Amino acid sequence: MDTPSKPSLPQSLDSVRVPQLPCAAFYISEFITKDEETLILEKIASAPKPRWKQLSRRRLQTWPSDLINNKLVDAPLPSWLEEPIVTRLRLIPLEEGADPQSHIFSDSPHKRPNHVLVNEYPPGIGIMPHKDGAAYHPIVCTVSLGASICLNIHEMKEDGTLNETPIRRILQEPRSLLITTADLYTDYLHGIDDVMEDIELSEQTIANWSLLRSSSTFRNGQNPRQTRTSLTYRDVTSVSKLGSKFRFSQKK
Ligand SMILES: O=C(O)CCC(=O)C(=O)O
Ligand SMILES: [Fe+2]
C-alpha cells in the first residue's frame, strides 16, 4: 500500500499550539491515518447495542465504563482505543529539547488517559456549552472521526450566566487531535452548535486556521455537517479497585 503506516507527528506540542486562545490548546491535523480511522469507526459500529447510551439527540459510548460518583472502576481500555492513540499521545514531548520522556500526561495521576467517551453527532446536532466537571485531570484529548466540526469556546458573563457568543472557535478535521488543557476546561465552557453547516469559517474566525491540514476545503467559509464521531480521552483522578474483586466473585 502507498499510504504511510504512521502519520508524521510534530517534534513537540509547543509547535502545534493553537494561537489566540487564553490558555494552552494544541492541534495536530493528521494524528491518525485513514486506515486507523476506518478501523476505529468499525470497532465503534460493532460494539454491542447496550454499549450505546441514547441521549435525546446524540448517542454515546463510555469506555471502559460509566463513572460512579465521579469514580472509575479500574479496568483497561479496549486495545482499539489504546493503540495507536494512547501510545502516540505519550510519544510527543511538550517542548523541543525537553526531556524526551515528558508528554502531555506526565503530570496526570495515572500518567495516561484511563477513560474514553465516544460521542456521535449526526448533522444538525451538537452539544450545549458546558464544563467537564471535577472527575478528570484537566486535560482532554479529542480525536475526531468521519467529518469536520466546529468547537466553540465560551466564557461566563460577570453575572454568572453564559455568554452565548463564543470567544473563539476551533475547527476539528477528521483524524485530527485537539488537546485542551487547564483553564480552557476549568474556567471556560465548550460546546458545538446544533447546525447543518458551520459558517463564517476563516483565518479571522477560526483559532487553529494556520494548523489545519486543508484550510482550502473551507475556502468558501462553510462546512456542511456530516456524521462526526469524537473520542475524548481523559484521566479520571479517582479509580477504585473494587471492580477486580467484583469480577473475581462473579467467576464460577
Ligand atoms: O465531541 C467533542 O468534541 C466534545 C465532547 C465533549 O465536550 C464531552 O464529551 O464532554
Ligand atoms: Fe465536554
Side-chain angles (χ1 to χ4, degrees), residues 18 21-29 31-32 37 40-41 44 47 51-67 70 72 77 81 85 89 104 108 113-156 162 164 166-195 198 201 206-208 211-213 223 225-237:
V18 179
L21 281 179
C23 33
F26 309 94
Y27 181 80
I28 299 176
S29 61
F31 186 66
I32 57 170
E37 178 188 36
I40 297 169
L41 283 171
I44 294 170
R51 267 281 166 195
W52 285 111
K53 184 186 285 177
Q54 184 65 50
L55 306 179
S56 59
R57 295 153 331 137
R58 183 165 50 87
R59 53 180 197 159
L60 166 76
Q61 290 181 12
T62 309
W63 294 93
S65 60
D66 286 337
L67 302 188
N70 277 354
L72 178 69
L77 288 171
L81 284 172
I85 292 176
L89 276 173
I104 188 70
S108 87
N114 54 14
H115 193 252
V116 181
L117 293 179
V118 178
N119 272 296
E120 187 189 72
Y121 303 85
I125 301 297
I127 186 169
M128 280 185 20
H130 65 279
K131 293 184 185 180
D132 281 358
Y136 310 104
H137 182 75
I139 291 177
V140 182
C141 296
T142 306
V143 177
S144 289
L145 308 171
S148 298
I149 212 163
C150 241
L151 182 79
N152 299 331
I153 309 294
H154 297 264
E155 57 187 356
M156 296 301 242
L162 173 77
E164 305 256 354
I167 55 155
R168 299 302 299 157
R169 293 194 295 161
I170 300 173
L171 186 54
Q172 294 171 269
E173 296 162 291
R175 305 189 297 286
S176 70
L177 168 70
L178 173 68
I179 305 181
T180 45
T181 68
D183 317 8
L184 211 49
Y185 263 82
T186 50
D187 294 359
Y188 294 83
L189 295 90
H190 55 281
I192 295 172
D193 286 339
D194 292 332
V195 292
D198 295 299
L201 310 176
I206 297 296
N208 60 326
L211 296 168
L212 293 175
R213 171 172 69 230
N223 170 50
R225 291 267 185 89
Q226 292 166 280
T227 298
R228 177 260 189 177
T229 303
S230 67
L231 310 175
T232 45
Y233 284 79
R234 301 176 177 88
D235 186 356
V236 178
T237 315

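Indexing begins at 1, ligand by ligand and atom by atom, following the structure's order. Predicted, not measured: the structure shown is a model, and the values here were computed from it.
Ring centers of H190 and H154: at least 6.0 Å apart, outside the cut-off.
The N, O or S atom of D132 lying closest to the Fe ion (ligand 2) is OD1.
Of all atoms in ligand 1, numbered sequentially from 1 with element shown, those under 4.0 Å from a heavy atom of L117 are 9 (O). Each of the following atoms of ligand 1 lies closer than 4.0 Å to a heavy atom of Y121: 1 (O), 2 (C), 4 (C), 5 (C). Interface atoms of ligand 1 facing D132, defined by a heavy-atom separation under 4.0 Å, are 10 (O). Taking a cut-off of under 4.0 Å to the non-hydrogen atoms of T142, the atoms of ligand 1 that pass are 3 (O). Against a heavy-atom cut-off of under 4.0 Å, H190 is close to the following atoms of ligand 1: 7 (O). Below 4.0 Å from some heavy atom of R234 lie the following atoms of ligand 1, by number and element: 8 (C), 9 (O), 10 (O).
Looking at K131 against ligand 1, nothing comes within 4.0 Å, counting heavy atoms. By the criterion of a heavy-atom distance under 4.0 Å, neither the backbone nor the side chain of L178 is placed next to ligand 1.
The nearest pair of heavy atoms linking L212 to S29 is C-CB, 4.1 Å.
Around atom 6 (C) of ligand 1, the closest heavy atom drawn from H130, Q172, R228 belongs to H130.
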